[in-house]
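Reading through the structure tokens given below for one structure.
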Amino acid sequence: MSRLAQTAGLTDIQQEILSTVRDFVDKEIIPVATELEHRDEYPQQIVDGLKELGLFGLMIPEEYGGLGESLLTYALCVEEIARGWMSVSGIINTHFIVAYMLKQHGTQEQKETFLPRMAAGEVRGAFSMSEPGLGSDVSAITSKGVKDGDEYVLNGQKMWLTNGGTSTLVAVLCRSDEGHPEGTAPHKSMTTFLVEKEPGFGEVRPGLTIPGKIDKMGYKGVDTTELIMDGLRIPANRVLGGTTGRGFYQMMDGVEVGRVNVAARGCGVAQRAFELGVSYAQQRHTFGKAIAQHQAIQFKLAEMATKVEAAHAMMVNAARKKDSGERNDLEAGMAKYLASEYCKEVVEDAFRIHGGYGFSKEYEIERLYREAPMLLIGEGTAEIQKMIIGRRLLEEYRFQG
């Protein structure tokens, strides 16, 4: 076990789960990650291994076939997986956001229909909120669901779906004016629809098209797509929770889980970058000694390790706050902001330690250098996190004069 990023107070079961995941990462992910990433190849064998470990059901209650573990356990597993290859952690992230939303907000019928199959990895989840023209402005969503008898007809274009092609269940946020008079606040006239589909690209069900994979700078292997709805009909019992107008709150609840996940990914990538940097620094010699013996490099290593520790501590705090049932948007925002920024900095320092070799695709740090930027924008940019943090601080420290 690494000496960095230790977590106090874990149960024997949590420690056993993490040990199993860590072994899997070291044996099955790290040796093949860079080759698969350079080919932009979906890691099917790794995903099959995660299914066998039961990780797709990690947070799903035992009554539905899952392991019933906490968000903290999940976040620590994500940290380990991202240390091996961040794309693999992305494959399970959106799956768990959808599973969490079903557990927290779904009807009993929806839970019984989807959660057992999600726990087994037979149904794979994706999460769809963003659109091409709105970015972080969720209130500007234009995709719409209109009631037509016992069905809803969905139209619109969504963007940046992780697992868009490989998923079979997508939680889609749309505007739904039915039951919400004109002038209703935008966030009170949104509904989450549970859309079932076939895996793949093209028309995956009548009225629903997944055009293809978006070519990205990094975060390869996992499929990121658009989603186009054109007269897509779904039954009314696929409104999450059975009631329209609650979609915004349901999605934001899921996003808090996602922000803890992104923080955990940042911790994992940063830890791997530190490992690569400290190892290379002891092998590379200049001026008659290992560069690790030069004070300039020691200062970098000291700063990198401190950032790994600080980000890990904030991520753990945010996960534990959510597990306690308390509001955690402040803690999740802080953890996501700090971990993603520190990840970028630690990766860049490791890149600098590698010198010219860091620019070569032969070295793993080159892959990490392209992956880290995604964390700066995933689940909300740094600017969005600062807005959330600032507003919450003003609530907590309201001037009483």
Side-chain angles (χ1 to χ4, degrees), residues 42 47 51 56-57 59-61 64-66 91-131 141 143-176 178 190-213 222-244 246-247 250-251 254:
Y42 186 78
V47 171
K51 286 183 185 178
F56 281 95
M59 281 180 63
I60 294 175
Y64 299 109
I91 289 170
I92 63 175
N93 177 38
T94 52
H95 175 85
F96 265 105
I97 291 178
V98 176
Y100 173 82
M101 290 169 60
L102 276 163
K103 181 184 75 170
Q104 295 296 107
H105 306 287
T107 65
Q108 191 59 37
E109 183 269 336
Q110 290 167 352
K111 294 176 186 178
E112 292 173 354
T113 298
F114 294 114
L115 288 180
R117 291 186 292 154
M118 293 185 81
E122 296 168 4
V123 167
R124 300 270 301 287
F127 172 84
S128 180
M129 186 166 62
S130 185
E131 295 184 0
I141 278 177
S143 296
K144 196 165 186 178
V146 178
K147 200 163 193 300
D148 183 18
D150 293 332
E151 296 180 315
Y152 280 87
V153 181
L154 274 54
N155 288 282
Q157 183 179 3
K158 309 299 280 188
M159 194 70 176
W160 306 119
L161 274 77
T162 301
N163 295 326
T166 50
S167 60
T168 54
L169 176 67
V170 186
V172 182
L173 185 64
C174 295
R175 189 175 301 283
S176 58
E178 174 255 333
M190 294 184 185
T191 298
T192 303
F193 295 94
L194 300 171
V195 178
E196 299 171 81
K197 71 175 188 65
E198 292 297 317
F201 301 99
E203 190 173 44
V204 291
R205 66 175 283 178
L208 180 63
T209 300
I210 306 293
K213 292 169 62 175
V222 61
D223 47 295
T224 305
T225 73
E226 298 176 70
L227 178 147
I228 300 171
M229 301 174 290
D230 184 9
L232 170 64
R233 289 183 170 271
I234 67 167
N237 66 358
R238 289 300 174 256
V239 169
L240 180 62
T243 305
T244 62
R246 298 180 180 175
Q250 294 164 346
M251 284 277 179

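All of these numbers come straight from a predicted model, not from anything done at the bench.
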> Mind checking what makes salt bridge (Lys or Arg N to Asp or Glu O under 4.0 Å) contact with K144, not counting sequence neighbours?
Replying inline: D177
> When rounded to the nearest 0.5 angstrom, what is the spacing between CZ in R175 and OG1 in T191?
Replying inline: 10.5 Å
> Do you know the tightest heavy-atom contact between C174 and G145?
Replying inline: CB-N, 4.0 Å
> What residues form a ring pair (Phe, Tyr, Trp, His ring centres under 6.0 Å) with F193, not counting sequence neighbours?
Replying inline: Y152
> What's the spacing between Q250 CD and M190 CE if we round to 0.5 Å?
Replying inline: 12.5 Å
> Checking side chain to side chain contact (heavy atoms under 4.5 Å, CB included) against L232, which of V172, L208, T209 comes through?
Replying inline: L208
> Any side-chain heavy-atom pair from N155 and V153 closer than 4.5 angstrom?
Replying inline: yes
> If we only count heavy atoms from C-beta on, is the M101 to F127 side-chain gap below 4.5 Å?
Replying inline: yes
> Within a strict 4.5 Å, meaning less than it, do heavy atoms of the V195 and L154 side chains meet?
Replying inline: yes
> Among H105, R246, M129, which residue meets the side chain to side chain contact (heavy atoms under 4.5 Å, CB included) test with M251?
Replying inline: M129
>> Nearest 0.5 Å, please: how far is CG in N237 from OG1 in T107?
In response: 7.5 Å
> Looking at side-chain heavy atoms only, is the closest gap between L102 and L194 below 4.5 Å?
Replying inline: yes
>> Could you report the tightest heavy-atom contact between M59 and Y100, atom names first, then the distance?
In response: CE-CD1, 4.1 Å
>> Is any side-chain heavy atom of Y42 closer than 4.5 Å to one of V47?
In response: yes
> How would you list, by chain and number, every residue that makes a salt bridge (Lys or Arg N to Asp or Glu O under 4.0 Å) with K111, sequence neighbours excluded?
Replying inline: none
> Does the distance from a Lys or Arg side-chain N to an Asp or Glu carboxylate O, for E109 and R238, drop under 4.0 Å?
Replying inline: yes
>> For E131 and I141: C-alpha separation, side-chain torsions, deciding distance, then whether side-chain contact (heavy atoms from CB on, under 4.5 Å) applies.
In response: CA-CA 7 Å; E131 295 184 0; I141 278 177; 3.2 Å; yes
>> For a quick test of reading the model, state the closest non-hydrogen atom pair linking G125 to N163 and the distance between them.
In response: O-ND2, 3.8 Å
> Roughly how far, to the nearest 0.5 Å, is CG of L227 from CD of Q157?
Replying inline: 9.0 Å
> Taking all non-hydrogen atoms of both residues, which atom of G247 and which atom of L173 are closest, and how far apart?
Replying inline: C-CD1, 3.6 Å
>> Are more than 12 heavy atoms, taken from residues, nucleotides or ligands other than D230, located less than 6.0 Å from that residue's CG atom?
In response: no
> What is the minimum heavy-atom distance between S167 and A126, and which atoms define it?
Replying inline: OG-CB, 3.5 Å
Please table the atom pairs, donor to acceptor, closer than 3.5 Å between any side-chain atom in residues 199-207 and protein atoms at least two apart or in another chain.
residue	atom	partner	partner atom	Å
E203	OE2	G207	N	3.4
R205	NH1	E196	O	2.8
R205	NH2	R233	O	2.9

> CG of L240 to CD of Q104: how many Å apart, nearest 0.5 Å?
Replying inline: 11.0 Å
> With sequence neighbours excluded, what pairs up with K147 under the side-chain hydrogen bond (donor to acceptor under 3.5 Å, both in side chains) test?
Replying inline: none
> In this structure, are over 12 heavy atoms from other groups packed under 6.0 Å from E198 atom CD?
Replying inline: no
> Between M118 and A99, which heavy-atom pair has the shortest distance, and what is it?
Replying inline: CE-N, 3.8 Å
> Looking at residues at least two apart in the chain, or sitting in another chain, which of them share a ring pair (Phe, Tyr, Trp, His ring centres under 6.0 Å) with F114?
Replying inline: none
>> As an exercise, state the distance from CG of D223 to CD1 of I210, rounded to the nearest 0.5 Å.
In response: 9.0 Å
